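Counting convention: from 1, in listed order, for ligands and their atoms alike. None of the values given here were measured: they were computed from a predicted structure.
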Amino acid sequence: MSSSVQFIDGSWAAGKGKLFKSIDPARNEVVWSGEAADESQVDAAVMAARKAFPEWSQRSFDERLAICKRFSELLGENKEALARTMAEETGKPIWETRTEVGAMIGKVAISEKAYHERTGTVENDMPGAKAFIRHKPHGVVAVYGPYNFPGHLPNGHIVPALIAGNTVVFKPSELTPKVAEFSVKLWEKAGIPAGVLNLVQGEVETGKALSVHPQIDGLYFTGSSNTGHLLHKQFGGRPDKILALEMGGNNPLIVTNVSDVDAAVHNIVQSAYITSGQRCTCARRLFIEAGEKGQAVLDRLVEVTKNIVVDDYEADPQPFMGAMISAKAAAGMADAQSELLRLGGKSLVKLTHRDPQTGFVTPGIVDVTGVENIPDEEYFGPLLKVYRFSSLDEAIKEANNTRYGLSAGILCDDEATYRYFFKHIRAGIVNWNKPITGASSAAPFGGIGASGNHRASAYYAADYCSYPVASVEASSMTMPESLAPGLKF
Ligand SMILES: NC(=O)c1ccc[n+]([C@@H]2O[C@H](COP(=O)([O-])OP(=O)(O)OC[C@H]3O[C@@H](n4cnc5c(N)ncnc54)[C@H](O)[C@@H]3O)[C@@H](O)[C@H]2O)c1
Ligand SMILES: O=CCC[C@H](NC(=O)CCC(=O)O)C(=O)O
């Protein structure tokens with residue numbers, strides 16, 4: 001029997017498209033199945049959002065916010081169940097999925113503050129009139145989510161979009177439909193009016209049907225650089241539509257002259273291997289100074305990495321890393337490692353795909369110093385490339401030698417070194433003596449180059465959720481004291 005997995009105009013319905021399934025990558029079990037939304041259902045969802053827009057956007061800000069706050073409360077009440085669902089669908093350990101639900105809860109208050117601060121009303125006096133800056137919602141926006149944060153990252157578009165008065169059609173990752181369904185059911189319980197938030201589940205065909213729909217006013221995307229670039233091409237010549245792209249990175253982390261080796265290694269591990277390396281901000285390229293000091297950091301990193309615990313999401317004690325999103329993704333990481341070794345890299349810690357049926361991989365390190373033609377690709381998993389360098393300028397030059405520009409960091413004792421690094425590195429997130437993952441929702445979040453299209457998310461998501469309107473207003477009209485040349489009254 002088909003299950004009702006699409007939420008369109010306030011009702012749940014079975015999809016009319018192809019059957020697809022979500023697999024628990026740690027246990028190789030089907031945890032969800034349903035039929036995709038076909039083109040007609042995507043159209044129905046967009047038209048429902050279009051129909052709901054006038055009433056939703058005309059509601060007061062406080063009314064819209066009240067529903068978002070209720071959603072936030074419901075997330076709190078359902079925290080364990082949602083964290084469990086995230087864990088079974090992504091393989092991430094429960095300790096980590098609890099933090100993801102926590103980030104979703106916090107998003108509402110942050111988005112409220114950002115809405116006022118970034119897109120609030122400004123009033124200025126001028127002779128005989130007042131000048132105003134106000135903001136209006138775009139209309140119907142499509143939100144695309146990735147699998148690595150199936151709750152938090154789409155939520156980072158949906159909440160600010162709804163607060164600003166837009167209506168939404170949400171297309172989650174086909175790898176995490178159960179988390180999406182759970183989240184949307186909480187919105188329904190929170191009282192979101194029919195058509196204001198719609199859910200269309202499915203694979204790439206569903207995504208394409210939504211992105212080409214002529215009745216969407218904007219598209220907010222978090223996902224891979226490849227898909228983001230395809231969408232950007234598709235939106236070419238459409239300045240009337242707002243497109244926000246949050247994409248991947250090939251992020252560098254430099255280590256030079258550190259006295260606390262363990263603290264440095266801890267920062268490297270948190271940067272490279274958290275979420276089994278499946279964060280857009282994860283360090284992919286580690287630059288370590290040549291010589292004894294650098295060697296001490298590298299030796300300790302190798303030792304600690306070999307001991308990282310990888311296990312089931314419910315294991316007690318909890319592991320640092322769970323399974324990757326799928327057995328296929330895990331096999332892809334093993335292939336990426338083989339390619340680096342074929343090019344001349346030297347394995348320092350071998351990444352191992354433990355079982356072809358699951359997503360479990362152990363973290364790996366490959367020294368690629370001096371190896372030519374390393375692809376400028378985001379290997380989205382726990383595989384770290386090491387480059388040894390002899391001067392900071394050389395390290396920064398190579399760190400910038402990427403088409404991406406999401407996150408970057410330096411671990412060093414000396415502040416002047418950090419200031420120099422900050423001045424010369426090209427990235428949207430630049431950290432000193434802190435992991436380059438774990439960005440704050442209270443700050444802008446976005447990258448340059450192939451990592452984004454200059455529409456940062458998180459705190460700045462408010463900016464792409466509405467457009468500014470400038471007004472000069474006077475309650476009555478008077479004739480000017482002097483007329484412009486050529487006018488006769
Ligand atoms: N910058 C950020 O904020 C950020 C955050 C998290 C993840 N990411 C990136 O996301 C990637 C991992 O996520 P993913 O693999 O789920 O991304 P993905 O690009 O494969 O998928 C993202 C969404 O786009 C849809 N999609 C795929 N192809 C499409 C097409 N041709 N037309 C329309 N829709 C299409 C998918 O169905 C999914 O809903 C990594 O590259 C990671 O760096 C970026
Ligand atoms: O996988 C990509 C980034 C995850 C995370 N970033 C954020 O949560 C940004 C803040 C927000 O969107 O609210 C990270 O940097 O680890």
Participant: Which atoms of ligand 1 sit under 4.0 Å from any heavy atom of E246?
Facilitator: 1 (N), 2 (C), 3 (O), 44 (C)
Participant: Report the C-alpha distance between H116 and F61 in whole Å, list the side-chain angles of each, state the deciding distance to 0.1 Å, and finish with yes or no for ring-ring contact (aromatic ring centres under 6.0 Å, His included).
Facilitator: CA-CA 10 Å; H116 293 302; F61 175 81; 4.7 Å; yes
Participant: Verify the ring-centre separation between H138 and Y464: is it less than 6.0 angstrom?
Facilitator: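 Between Y464 and H138, the centre distance exceeds or equals 6.0 Å.
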Participant: Rounded to the nearest 0.5 Å, how far apart are CZ of R279 and OG of S271?
Facilitator: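 Atom-to-atom, R279:CZ and S271:OG are 10.5 Å apart.
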Participant: Do Y460 and F445 have ring centroids that are under 6.0 Å from one another?
Facilitator: no
Participant: Quick check on contacts: which atoms of ligand 1 are under 4.0 angstrom from a heavy atom of L153?
Facilitator: 5 (C), 6 (C)
Participant: Look at the rings of F149 and H152 and say which category their plane angle falls in: under 30° parallel, 30 to 60° tilted, over 60° perpendicular.
Facilitator: perpendicular
Participant: Write out each pair where an N or O from ligand 2 and one from the protein are under 3.5 Å apart, with the distance.
Facilitator:
unit_1	atom_1	unit_2	atom_2	d
ligand 2	1 (O)	N148	ND2	2.9
ligand 2	1 (O)	C280	N	2.9
ligand 2	8 (O)	H152	NE2	2.7
ligand 2	13 (O)	K107	NZ	2.6
ligand 2	13 (O)	S441	OG	2.5
ligand 2	15 (O)	T281	OG1	3.0
ligand 2	15 (O)	G438	N	3.2
ligand 2	15 (O)	A439	N	3.0
ligand 2	16 (O)	R279	NH1	2.7
ligand 2	16 (O)	T281	OG1	3.4
ligand 2	16 (O)	G438	N	2.8

Participant: Measure the spacing between NZ of K79 and CD of E100 and express it to the nearest 0.5 Å.
Facilitator: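 One finds 11.5 Å between NZ of K79 and CD of E100.
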Participant: What atoms of ligand 1 come closer than 4.0 angstrom to any heavy atom of F445?
Facilitator: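 Within the 4.0 Å cut-off of F445, ligand 1 contributes 2 (C), 3 (O).
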Participant: Please could you name the atoms of ligand 1 that N148 approaches to less than 4.0 Å, counting only its heavy atoms?
Facilitator: 6 (C), 7 (C)
Participant: Which of the numbered atoms in ligand 1 are under 4.0 angstrom from any heavy atom belonging to E378?
Facilitator: 40 (C), 41 (O), 42 (C), 43 (O)
Participant: Once you measure the plane-to-plane angle for W187 and F71, does it fall in the parallel (<30°), tilted (30-60°) or perpendicular (>60°) bin?
Facilitator: parallel
Participant: Tell me, which protein residue and heavy-atom name are nearest atom 34 (N) of ligand 1, and how many Å apart are they?
Facilitator: Y144 CE2, 3.4 Å
Participant: Between F380, Y147, Y404, F170, which one has a non-hydrogen atom sitting closest to atom 15 (O) of ligand 1?
Facilitator: Y147
Participant: Taking only heavy atoms of F221, which atoms of ligand 1 are found under 4.0 Å from at least one of them?
Facilitator: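 Within the 4.0 Å cut-off of F221, ligand 1 contributes 19 (O), 22 (C), 23 (C), 24 (O).
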Participant: Side chain to side chain donor-acceptor pair (under 3.5 Å): which pairs involve residues 237-248, sequence neighbours left out?
Facilitator: R238-D240
Participant: Quick one: does any side-chain atom of T167 pair with a main-chain N or O of V196 as donor and acceptor, under 3.5 Å?
Facilitator: no
Participant: Note the single closest protein heavy atom to atom 35 (C) of ligand 1, along with its residue, its atom name and the distance in Å.
Facilitator: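 Nearest protein contact, heavy atoms only, for atom 35 (C) of ligand 1 is T227 CG2, 3.6 Å.
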Participant: Have a look at G202, C280, A458, S451 and point out the one with the heavy atom closest to atom 4 (C) of ligand 1.
Facilitator: C280
Participant: At under 4.0 Å between heavy atoms, is it the side chain or the backbone of P172 that contacts ligand 1, or both, or neither?
Facilitator: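 Within the 4.0 Å criterion, P172 contacts ligand 1 through backbone atoms alone.
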Participant: Check each atom of ligand 1 against the heavy atoms of G207 and keep those under 4.0 Å away; list them by number with element.
Facilitator: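 Atoms satisfying the 4.0 Å criterion: 33 (C), 34 (N).
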Participant: Please confirm whether the ring centroid of W32 lies under 6.0 Å from the ring centroid of F20.
Facilitator: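 Yes, close enough.
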Participant: For atom 13 (O) of ligand 1, what is the nearest protein heavy atom, given as residue, atom name and distance?
Facilitator: P146 CB, 3.4 Å
Participant: Short question: side chain of E378, backbone of G249 - any donor-acceptor pair under 3.5 Å?
Facilitator: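 The answer is yes, because a donor-acceptor pair under 3.5 Å joins these two groups.
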Participant: Please check if the side chain of N453 supplies one atom and the backbone of L243 the other of a donor-acceptor pair under 3.5 Å.
Facilitator: yes
Participant: Taking a cutoff of less than 4.0 Å between a non-hydrogen atom of the residue and any ligand atom, is G145 in contact with ligand 1?
Facilitator: yes
Participant: Donor-acceptor check, side chain of R50 to backbone of Q215, threshold 3.5 angstrom: yes or no?
Facilitator: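 Here the side-chain-to-backbone pair exists.
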Participant: For R354, does its backbone N or O pair with a side-chain atom of T352 as donor and acceptor, under 3.5 Å?
Facilitator: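 Not at all, since once roles are kept as given, no pair shorter than 3.5 Å links the two residues.
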Participant: Under 4.0 Å from atom 21 (O) of ligand 1, is there any protein heavy atom?
Facilitator: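 It does not; no protein heavy atom is within 4.0 Å.
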Participant: Supply the atom-to-atom distance W56 CH2 to L197 CG, rounded to the nearest 0.5 angstrom.
Facilitator: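 Rounded to the nearest 0.5 Å, the CH2-CG separation comes to 9.5 Å.
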Participant: Can you tell me how far OG1 of T206 sits from NZ of K208, rounded to the nearest 0.5 angstrom?
Facilitator: 11.0 Å
Participant: At what distance is the nearest protein heavy atom to atom 39 (O) of ligand 1, and which residue and atom is it?
Facilitator: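 Minimum-distance protein heavy atom for atom 39 (O) of ligand 1 reads K171 NZ, 3.1 Å.
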Participant: With nothing but distance in play, are any N or O atoms of S224 less than 3.5 Å from an N or O of ligand 1?
Facilitator: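 N/O-N/O distance below 3.5 Å exists for this pair.
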Participant: May I ask you to identify the nearest protein heavy atom to atom 1 (N) of ligand 1, giving residue, atom name and distance to one decimal place in Å?
Facilitator: M247 O, 2.7 Å
Participant: Applying a strict 4.0 Å limit to heavy atoms, is F149 in contact with ligand 1?
Facilitator: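 So F149 does not count as touching ligand 1.
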Participant: Distance under 4.0 Å to a non-hydrogen atom of G223: what atoms of ligand 1 satisfy this?
Facilitator: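 Listed by number with element: 8 (N), 9 (C), 10 (O), 11 (C), 17 (O), 19 (O), 44 (C).
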Participant: Is it the case that the side chains of S211 and Q234 hold a donor-acceptor pair, with the cut-off being a distance below 3.5 Å and no angle test?
Facilitator: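 Their side chains do contain a donor-acceptor pair, which is all the 3.5 Å distance test asks for.
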Participant: Would you mind checking which non-hydrogen protein atom is closest to atom 32 (N) of ligand 1, with the distance to 0.1 Å?
Facilitator: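 Scanning the protein heavy atoms, the shortest distance from atom 32 (N) of ligand 1 goes to K208 CG, 3.6 Å.
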Participant: Could you check atom 36 (C) of ligand 1 against the protein and tell me its nearest heavy-atom contact, residue, atom and distance included?
Facilitator: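 Looking at atom 36 (C) of ligand 1, the protein heavy atom closest to it is E174 OE1, 3.4 Å.
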